[in-house]
Amino acid sequence: MGSGLGPDTLLSRYLPDRRFLFVLPRAVCLQSLHPTIATGITQHALLNRRVWLHHKRTVTQAIRIAFTDVDMRPYIRFAHEEVKGRDPAGHKYHALNPDVFHFQHATYVESLVMMVNTFIRKLDEREHEQLYQQCCAWYRRYGISTRPMPASWAEFGEYFEDACRTQLSAG
């Protein structure tokens, strides 16, 4: 398997774990608090009653991308190219904006690590870094700019905390 995501990786061990399904609503809720993601879903996920179906499809595809040898970059571009518009404040948005796309992936990464640390075992610092680097390889498979992707697990923690504090809204 390309990109260093073979069967002997931490990502391959933990991402398919069904306990990950129990923490995914947390990731989805964090995504829904992001103004751009919320606007895109509201405007493009057909009707609000289909939001959870949209998220189910999105999560399923994200996990598939981590394990397939098929180049999914064209699929990602095609599936998101028309998800654009203006938010309620009148600002332009696009689903392929690297900052937005990375935040969505970051919610999966943070939830995966939280799941492992809570339900399986506490990872040591080396394992956190190893799993994070594998999640970075997973992200690269989307074909979206890695500019917003922190270089290390420690930097990711700072990024995620800052993003949740400054980018998410309750309104």
If you take all heavy atoms of [X] and [Y], which pair is closest and at what distance?
X	Y	result
Ala106	Tyr159	CB-CE2, 3.8 Å
Leu10	Gln134	N-OE1, 3.0 Å
Ala27	Tyr108	CB-CD2, 4.1 Å
Arg77	Leu96	NH1-CD1, 3.6 Å
Trp153	Val113	CH2-CG1, 3.6 Å
Phe67	Leu11	CZ-O, 3.9 Å

Residues in side-chain contact (heavy atoms from CB on, under 4.5 Å) contact with [X], at least two apart in sequence or another chain:
X	value
Arg121	Arg13, Tyr14, Leu123, Glu127
Arg73	Asp71
Thr118	Met114

More than 12 non-hydrogen atoms from neighbouring residues, nucleotides or ligands closer than 6.0 Å to CD on Glu155, yes or no? yes

Under 3.5 Å: donor-acceptor pair, side chain of [X], backbone of [Y]:
X	Y	result
Thr68	Arg64	no
Ser12	Gly6	yes
Gln133	His128	no

Tell me the salt bridge (charged side-chain N to carboxylate O under 4.0 Å, His left out) pairs involving residues 26-42, sequence neighbours left out? Arg26-Glu110

Provide the full list of salt bridge (charged side-chain N to carboxylate O under 4.0 Å, His left out) pairs with a residue in residues 81-108, sequence neighbours left out, each pair given once. Asp99-Arg147

Does the side chain of [Y] come within less than 4.5 Å of [X]'s, by heavy atoms?
X	Y	result
Pro150	Tyr132	yes
Glu129	Glu125	no
Val109	Phe160	no
Phe103	Thr36	no
Met149	Arg140	yes
Leu15	Trp138	yes

Between Val23 and Phe119, is the side chain to side chain contact (heavy atoms under 4.5 Å, CB included) condition met? List the steps. CA-CA 10 Å; Val23 299; Phe119 297 116; 3.9 Å; yes

Give, for atom CG of Leu112 and atom CZ of Arg19, the distance between the pair rounded to the nearest 0.5 Å. 11.5 Å

Using 0.5 Å steps for rounding, measure from the OG atom of Ser111 to the CG atom of Leu21. 12.0 Å

Same cluster or not: [X] versus [Y], using hydrophobic residues (I, L, V, M, F, W, Y) connected whenever any side-chain heavy atoms lie under 4.5 Å apart?
X	Y	result
Val116	Phe22	no
Ile63	Ile144	yes
Ile37	Leu33	yes

Residues passing the ring-ring contact (aromatic ring centres under 6.0 Å, His included) test with Phe101, sequence neighbours excluded, are His80, Tyr142

Taking side chain to side chain donor-acceptor pair (under 3.5 Å) as the criterion, tell me which of His102, Gln31, His34 meets it with Thr107. Gln31

